[in-house]
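What follows is a set of notes on a single structure, which appears directly below.
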Amino acid sequence: MFDIRLLPSSLDSHSATDRLAAESPDAGGIATFIGKVRASESDLAAVEALELSHYEPLTLLGMNDLGYIARERFDLMGLVILHRTGRLFPGDPIVCVAAASRHRRDAIQAVDFCMDHLKSAAWFWKRELRGGEWHWIEPREQDNDDLARWCE
Amino acid sequence: MFDIRLLPSSLDSHSATDRLAAESPDAGGIATFIGKVRASESDLAAVEALELSHYEPLTLLGMNDLGYIARERFDLMGLVILHRTGRLFPGDPIVCVAAASRHRRDAIQAVDFCMDHLKSAAWFWKRELRGGEWHWIEPREQDNDDLARWCE
Amino acid sequence: MAVTILFLGPMRDLAGMESCEVQAPLDWAGLLKAVNGEVAEQLLNRRVNVACGGEVLADKTSLNAGDGDEVALLPPVSGG
Amino acid sequence: MAVTILFLGPMRDLAGMESCEVQAPLDWAGLLKAVNGEVAEQLLNRRVNVACGGEVLADKTSLNAGDGDEVALLPPVSGG
């Protein structure tokens with residue numbers, strides 16, 4: 001099962017990973033990462049809302065490309081990449097990446113790989129509402145370093 | 001939330017990870033790995049059942065120690081390690097490790113770390129029923145190599 | 001018809017609008033002139049990309065948008 | 001009372017039993033004599049551990065089990 005989607009209103013990670021598990025009976029493991037809207041940032045006011053914008057002609061295409069690259073690179077039986085767009089609130093899932101593989105390290109590494117790419121190289125822009133004001137999120141330097149790990 | 005348990009009869013990963021997410025509101029991510037009984041092994045007869053034996057005085061203690069080490073090593077807001085014992089069937093979850101952290105790589109790495117230790121250094125013995133006969137599972141060489149990655 | 005310039009993410013705030021229409025054809029010099037000073041400055045940053053007709057340009061200075069094309073200004077991303 | 005020897009995992013099949021009771025005290029030489037040839041051979045493998053009273057012995061040849069102790073023979077694990 002290869003399920004790659006942009007979700008404008010809600011993201012149900014359990015049903016996606018249940019389906020992945022059901023459709024990958026020979027997989028020995030399922031690795032999952034769920035990114036959430038944090039209730040607070042250290043030293044900053046609480047997050048009231050988060051808004052994810054994207055660019056339709058590029059964003060889903062880029063996610064599909066990422067899925068193909070991950071399937072080439074790792075021995076996967078299934079891969080799920082779900083990403084929210086629009087307005088989200090603390091606790092809401094933003095992104096869910098799940099991979100099924102015969103042996104566990106392929107699944108874990110594929111999730112790690114996809115998340116690094118989604119963080120630094122996918123067409124999303126994120127802003128947070130804190131103290132009644134919107135703040136655009138800058139890419140973290142760490143995210144670029146994380147991405148660089150995958151380039152031989 | 002730090003929830004480390006041996007489960008003799010069933011393992012509900014969704015309720016464990018839901019609770020982890022609910023009790024870690026400031027976590028930006030939850031990484032999860034679920035190890036399952038595979039329906040088939042390549043070149044081998046289908047798996048009819050799997051039996052996990054353990055040694056009560058050592059096994060849970062060892063899992064708790066692993067949890068402490070993971071908390072020391074990674075910046076975690078919560079950690080779940082659930083491991084089945086007894087008889088299991090194809091598709092059943094054997095192990096669930098989930099970690100919550102502010103930034104994603106701590107959670108992903110903690111799950112990877114715990115799984116490598118559970119595979120090679122936890123007090124479990126596994127046998128499979130295939131073609132009507134029980135076969136003890138030998139440790140995979142790869143698992144020992146995976147574990148060695150964490151030793152500086 | 002014309003060329004639509006689309007301002008994505010934080011670029012929208014700098015531009016003060018989501019999009020605008022300008023006359024075709026539109027090249028790199030024309031784009032820099034069509035947008036306000038802050039946006040033009042951002043466009044010179046190598047981490048800001050430009051897409052035309054749904055394709056990210058390898059060399060944004062080679063922009064050559066015709067009638068009906070959508071030109072998207074893509075600031076550095078912050079996804080996941 | 002006596003010393004209980006517990007055969008874990010595949011060791012159980014080699015021993016043909018889950019556990020047995022032997023007279024206290026039990027040291028390494030006594031353990032090797034108390035078990036059958038296949039189990040004794042396995043015990044010499046450095047990857048097979050011995051626990052006494054719930055503690056894995058750093059040096060299994062230093063085994064010194066007394067009345068009521070449980071001695072567990074722990075073959076290489078295969079968990080997860």
Side-chain angles (χ1 to χ4, degrees), chain A residues 12-15 17-18 20-42 44 46-47 50 77 90-116 118-119 140 142-143 145-147 149, chain B residues 12-15 17-18 20-42 44 46-47 50 77 90-116 118-119 140 142-143 145-147 149:
Chain A
D12 178 354
S13 57
H14 287 339
S15 77
T17 55
D18 282 348
L20 178 63
E23 296 188 19
S24 314
D26 291 342
I30 309 268
T32 306
F33 181 83
I34 294 162
K36 294 191 312 157
V37 182
R38 280 189 277 265
S40 73
E41 295 290 337
S42 30
L44 293 174
V47 177
L50 183 146
M77 291 173 164
D92 285 353
I94 304 169
V95 57
C96 171
V97 175
S101 60
R102 180 162 286 277
H103 296 296
R104 76 185 178 289
R105 301 224 60 242
D106 283 296
I108 293 174
Q109 287 203 287
V111 168
D112 200 15
F113 176 87
C114 289
M115 280 306 307
D116 281 350
L118 287 170
K119 277 284 183 178
R140 291 165 64 223
Q142 182 62 47
D143 287 333
D145 294 348
D146 288 343
L147 185 61
R149 293 183 303 132
Chain B
D12 178 353
S13 59
H14 287 339
S15 77
T17 56
D18 282 348
L20 178 64
E23 296 188 19
S24 314
D26 291 343
I30 309 267
T32 305
F33 180 83
I34 293 161
K36 294 190 313 157
V37 183
R38 279 189 276 266
S40 73
E41 296 290 336
S42 31
L44 293 174
V47 177
L50 183 146
M77 293 174 162
D92 284 353
I94 305 168
V95 57
C96 170
V97 174
S101 60
R102 180 162 285 277
H103 296 297
R104 77 186 177 286
R105 299 221 63 242
D106 283 294
I108 293 174
Q109 287 203 286
V111 168
D112 200 14
F113 177 87
C114 289
M115 280 307 306
D116 281 350
L118 287 171
K119 277 285 186 180
R140 290 166 63 225
Q142 183 61 46
D143 287 332
D145 294 349
D146 288 343
L147 184 61
R149 294 182 304 132

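Computed over heavy atoms, backbone and side chain alike; hydrogens, waters and symmetry mates excluded. Residue numbers begin at 1 in each chain, while the letters A, B, ... track the order of the sequences.
Taken to the nearest 0.5 Å, the CG atom of L20(B) stands 10.0 Å off from the CD1 atom of I34(A). To the nearest 0.5 Å, atoms OG (S13(B)) and CG (D18(A)) are separated by 7.5 Å.
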Stepwise salt bridge (charged side-chain N to carboxylate O under 4.0 Å, His left out) check, R104(B) with D112(A): CA-CA 9 Å; R104(B) 77 186 177 286; D112(A) 200 15; 5.5 Å; no
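The candidate with the highest count of non-hydrogen atom pairs below 4.5 Å against chain A, out of S24(B), A22(B), A27(B), A107(B), is A27(B). In terms of heavy-atom pairs under 4.5 Å with chain A, the best-connected choice from G91(B), A21(B), C96(B), P90(B) is A21(B).
Here the shortest heavy-atom pairing between G29(B) and F33(A) reads CA-CZ, 3.5 Å.
A donor-acceptor contact shorter than 3.5 Å is absent between the side chain of R38(A) and the backbone of P25(B).
Heavy atoms closer than 4.5 Å to chain A are found in the side chain of R105(B), but not in its backbone. The part of T17(A) that comes within reach of chain B is its side chain, from C-beta onward, which places non-hydrogen atoms under 4.5 angstrom from that chain.
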